[in-house]
Amino acid sequence: MRLRAVASRRPWFPGRPAEAACRIGWFHEAPQPECSCGLHGTHGVDLLRRTRCPAVLGRVALWGRVIEHELGFRARFGYPQSVRLICQFCFWQWGMKRNAPAVVGWFPRYDLLPMCDEHVEIAARFGMRPQVLLPAGTVDQELRATYAVDPLAMI
């Protein structure tokens, strides 16, 4: 099980800080003020609701060159400090004030998708059937143990 940032397809390896690299210009170190490169962090969770539906929320430590901007930060290095699973559908619709995930579905594309009981039922009605259902609490504990991080408190 590996984490990856919302803005990246590359996995975040346990025990190793992620290092930013520019995908646009190969001739500078990330981040640079005139570029959008770097590891991105935000001030709050509402901005994340407009992204590719995160399955895990967390706080990260960012260091090296860090650039602050109106939406948050971009940094050279980063590593998670605390994480927790969320129901992607509840988060997308209502933010942090809804259901915690009950299960994590493992789907044919090998994506793990945390869902509350209500969204498991809705997914089944629309033919979205996971290959395996895992208890969310177990997956959450394993994720935190893998990355050696604390549980994220309610935001």
Checklist entry - Could you walk me through whether Phe89 and Leu113 pass the side-chain contact (heavy atoms from CB on, under 4.5 Å) check? => result CA-CA 10 Å; Phe89 302 108; Leu113 180 63; 3.9 Å; yes

Rounded to the nearest 0.5 Å, what separates atom [atom1] in [X] from atom [atom2] in [Y]?
X: Arg59; Y: Leu62; atom1: CZ; atom2: CG; value: 12.0 Å
X: Thr146; Y: Leu3; atom1: OG1; atom2: CG; value: 8.5 Å
X: Ile67; Y: Gln32; atom1: CD1; atom2: CD; value: 6.5 Å
X: Thr138; Y: Leu143; atom1: OG1; atom2: CG; value: 12.5 Å

For the backbone of [Y] and the side chain of [X], can you confirm whether one donor and one acceptor N or O come within less than 3.5 Å of each other?
X: Arg74; Y: Val66; answer: no
X: Tyr79; Y: Ala18; answer: no
X: Tyr147; Y: Ser82; answer: no
X: Arg144; Y: Leu152; answer: no
X: Asp140; Y: Leu85; answer: yes

Might you point out which heavy atoms bring [X] and [Y] nearest each other, and give the distance in Å?
X: Gly38; Y: Ala20; value: CA-CB, 3.5 Å
X: Cys116; Y: Ala100; value: CB-O, 3.6 Å
X: Cys87; Y: Pro101; value: N-CD, 3.7 Å
X: Gln81; Y: Val149; value: O-CB, 3.3 Å

Taking the side chain as every heavy atom from C-beta outward, state whether [X] and [Y] have any pair of such atoms under 4.5 Å apart.
X: Val83; Y: Leu57; answer: no
X: Val103; Y: Pro114; answer: no
X: Arg2; Y: Phe13; answer: yes
X: His119; Y: Cys90; answer: yes
X: Cys35; Y: His28; answer: yes
X: His40; Y: Phe73; answer: no
X: Trp106; Y: Val139; answer: no

Checklist entry - Between Glu29 and Arg65, is there a salt bridge with N-O shorter than 4.0 Å? => result no

Checklist entry - Is atom CD of Glu142 surrounded by more than 12 heavy atoms (other residues, nucleotides or ligands) closer than 6.0 Å? => result no

Checklist entry - Does Ile122 belong to the same Ile/Leu/Val/Met/Phe/Trp/Tyr cluster as Leu133, with side-chain heavy atoms less than 4.5 Å apart forming each link? => result no

Next on the checklist: One pair to check against side-chain contact (heavy atoms from CB on, under 4.5 Å): Glu121 and Met115. What are the steps and the verdict?
Outcome noted: CA-CA 10 Å; Glu121 291 175 23; Met115 295 185 288; over 6 Å; no

Checklist entry - Where do Trp63 and Arg76 land on the side-chain contact (heavy atoms from CB on, under 4.5 Å) test, with the steps shown first? => result CA-CA 6 Å; Trp63 68 92; Arg76 174 88 188 263; over 6 Å; no

